[in-house]
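Take a look at the structure set out below.
Predicted model, so just to flag it, every value in this text is computed and none were measured.
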Amino acid sequence: MSGTTWVLLRGLTRESGHWGDFPVRLLRALRAQQPDVRLELLDLPGNGRLCQELSPTRVADMVEACRTELQRRGVRTPYHVLAMSLGAMVASDWASRYPKELEAVVLINTSLRPFSAFFRRLRPANYWSLLALSLFRLSLRQREARVLAMTTRMQQQPEQVLDQWVALQRKHPVRRRNALRQLLAAVRYRASWNRPFPPMLLLCSQGDELVDWRCSQAISRAWGAPLRLHARAGHDLPLDDGEWVARNVVDWLHARDVVGSAPMPLRA
């Protein structure tokens, strides 16, 4: 398949269905800059339509799973990748190990060793909430409601989103074992100090209550990548303000076309 391909990757225990209407918003915005654009929404092993598979415990193996799936679909390199949270770790590793395969990378609300301490990568206020999800016998709706409360701040219709999330989990249930294996992969992953070759944009939310936004700032400083900061959104930035994400991606692409890939200033 020819044309410009954007690969979208979600985070821990989340599947492509959790993007909501963001892919439609992104595609509409990108077409002004890249008329031949198409999206490929991938699920990490253990999530979504791959919920019966065993999740890898290494980010590098998740990269290989993504590469294999795109090859199976007949999608040619190079790719543009937009990813968040654990998916952004996968994108970072992909960019480091296979730089010629990626044309551009957008990382959303992620955190990487060795750039940030553990208490910034996962805010301490969430330790009890995450433990409760694992230990207590909560209903599916109760668990998803807690995740929604931890990851979003700008939802106008939270019950509607919750209905969609519950339906996704019923259709593609994530096994507890796979959730723990994905968490292990995230905790043990360590990025390179060396800046990946593909051009990179970092987007983060100052209102992120799960991951400290300064983790993205630390990556930006270490790798010299531009950073855009949303003042109000939660961890699930594409769900809270998908238009903002799409607009900033297109602005970045346009700036690169005009002035090259020089870093852009941080702005809210």
Side-chain angles (χ1 to χ4, degrees), residues 1 4-19 23 26 38-116 121 172 174-175 177-203 211 215-216 218-220 222-223 225 238 249:
M1 298 179 183
T4 302
T5 300
W6 279 83
V7 177
L8 273 58
L9 295 172
R10 289 285 305 195
L12 186 75
T13 73
R14 303 286 93 176
E15 64 165 277
S16 56
H18 285 98
W19 288 113
L26 179 64
R38 59 194 302 271
L39 304 184
E40 294 288 343
L41 279 59
L42 299 186
D43 290 328
L44 297 177
N47 299 339
R49 66 178 187 80
L50 305 180
C51 63
Q52 298 301 318
E53 295 188 11
L54 190 64
S55 296
T57 57
R58 298 194 319 140
V59 166
D61 293 333
M62 296 179 180
V63 173
E64 297 305 327
C66 292
R67 297 176 69 237
T68 299
E69 174 60 20
L70 289 170
Q71 291 169 10
R72 186 192 68 80
R73 296 184 187 185
V75 185
R76 299 176 183 174
T77 61
Y79 313 122
H80 294 64
V81 179
L82 182 144
M84 64 174 292
S85 196
L86 174 59
M89 295 183 189
V90 175
S92 300
D93 194 60
W94 197 344
S96 294
R97 295 197 296 122
Y98 301 102
K100 293 183 179 180
E101 292 186 1
L102 303 186
E103 187 77 19
V105 179
V106 179
L107 306 181
I108 302 174
N109 282 335
T110 193
S111 64
L112 300 174
R113 284 197 305 157
F115 308 123
S116 298
R121 297 181 63 206
H172 299 138
V174 178
R175 299 175 181 176
R177 181 184 181 187
N178 275 339
L180 293 174
R181 289 174 68 88
Q182 291 172 40
L183 182 60
L184 176 59
V187 169
R188 74 196 304 189
Y189 177 65
R190 184 181 181 89
S192 171
W193 278 102
N194 297 323
R195 176 182 178 176
F197 178 77
M200 185 174 291
L201 171 67
L202 291 157
L203 301 178
V211 177
C215 292
S216 291
I219 299 169
S220 173
W223 285 349
V249 170

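Although no hydrogens or angles enter the test, the distance criterion places a donor-acceptor pair under 3.5 Å between the side chain of Q182 and the main chain of T13. Looking only at distances, no side-chain donor or acceptor of D61 sits under 3.5 Å from a matching main-chain atom of P56. At distances below 3.5 Å, at least one donor-acceptor pair connects side-chain atoms of S92 with backbone N or O atoms of A88. Although no hydrogens or angles enter the test, the distance criterion places a donor-acceptor pair under 3.5 Å between the side chain of S220 and the main chain of A225. The backbone N or O of A185 sits nowhere less than 3.5 Å from a side-chain atom of T57 that would complete a donor-acceptor pair.
For the pair R175 and E53, the salt-bridge criterion is not met [side-chain N within less than 4.0 Å of a carboxylate O]. A salt bridge does not link E15 to R10: none of the charged side-chain nitrogens sits closer than 4.0 Å to a carboxylate oxygen.
Nearest heavy atoms, L203 versus V249: CD1-CG2, 4.3 Å. Shortest non-hydrogen contact noted between R113 and R188 is NH2-O, 2.7 Å. Considering every non-hydrogen atom in both V105 and A95, the closest pair reads CG2-CB, 4.3 Å. Of all heavy-atom pairs between L41 and S16, the closest is CB-CB, 3.8 Å. Heavy-atom minimum distance, A91 versus V81: CB-CG1, 3.8 Å. Taking each heavy atom of A179 and V174 in turn, the nearest pair found is N-CG1, 4.3 Å.
Annotation: side chain of P78 is not in contact with side chain of L102 (no heavy-atom distance under 4.5 Å). A heavy-atom distance below 4.5 Å is found between the side chains of R190 and W193. Two residues are said to be in side-chain contact when any heavy atoms from C-beta on lie closer than 4.5 Å; L44 and L86 meet this criterion. In this structure, the side chains of L82 and I108 come closer than 4.5 Å at one or more pairs of heavy atoms. At a threshold of 4.5 Å between non-hydrogen side-chain atoms, the residues N178 and R181 count as touching. At least one side-chain heavy atom of V63 sits under 4.5 Å from a side-chain heavy atom of Y98. Within the 4.5 Å cutoff, no side-chain heavy atoms of V106 are placed close to those of H80. A heavy-atom distance below 4.5 Å is found between the side chains of P196 and W223.
Side chains of R38 and T4: no donor on one and acceptor on the other come within 3.5 Å.
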Which is it for I219 and L202 under the side chain to side chain contact (heavy atoms under 4.5 Å, CB included) test, yes or no, and what are the steps along the way? CA-CA 8 Å; I219 299 169; L202 291 157; 3.9 Å; yes

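Applying the side chain to side chain donor-acceptor pair (under 3.5 Å) criterion to S85, with sequence neighbours excluded, gives H235. In this structure L70 satisfies the side-chain contact (heavy atoms from CB on, under 4.5 Å) test together with V7, E40, L42, V75, Y79, W94, sequence neighbours excluded. The side chain to side chain donor-acceptor pair (under 3.5 Å) check on R97 picks up E64, D93, with sequence neighbours excluded.
In this structure, H18 NE2 and H172 NE2 are separated by 11.0 Å, a value rounded to the nearest 0.5 Å. Considering CD of E101 and CZ of R67, their distance stands at 4.0 Å, rounded to 0.5 Å. Separation of atoms CG (D43) and SG (C66) is listed at 9.5 Å; rounding is to 0.5 Å. Remark: M84 CE to W19 CH2 distance equals 6.0 Å, nearest 0.5 Å. In this structure, CD in E69 is found 4.5 Å from CZ in R73, a value given to the nearest 0.5 Å. For the atom pair OG of S55 and CG of N47, the computed distance is 5.5 Å after rounding to the nearest 0.5 Å.
No cation-pi contact links R58 to Y189, judged by a cut-off of 6.0 Å to the six-membered ring centre and 45° from its axis.
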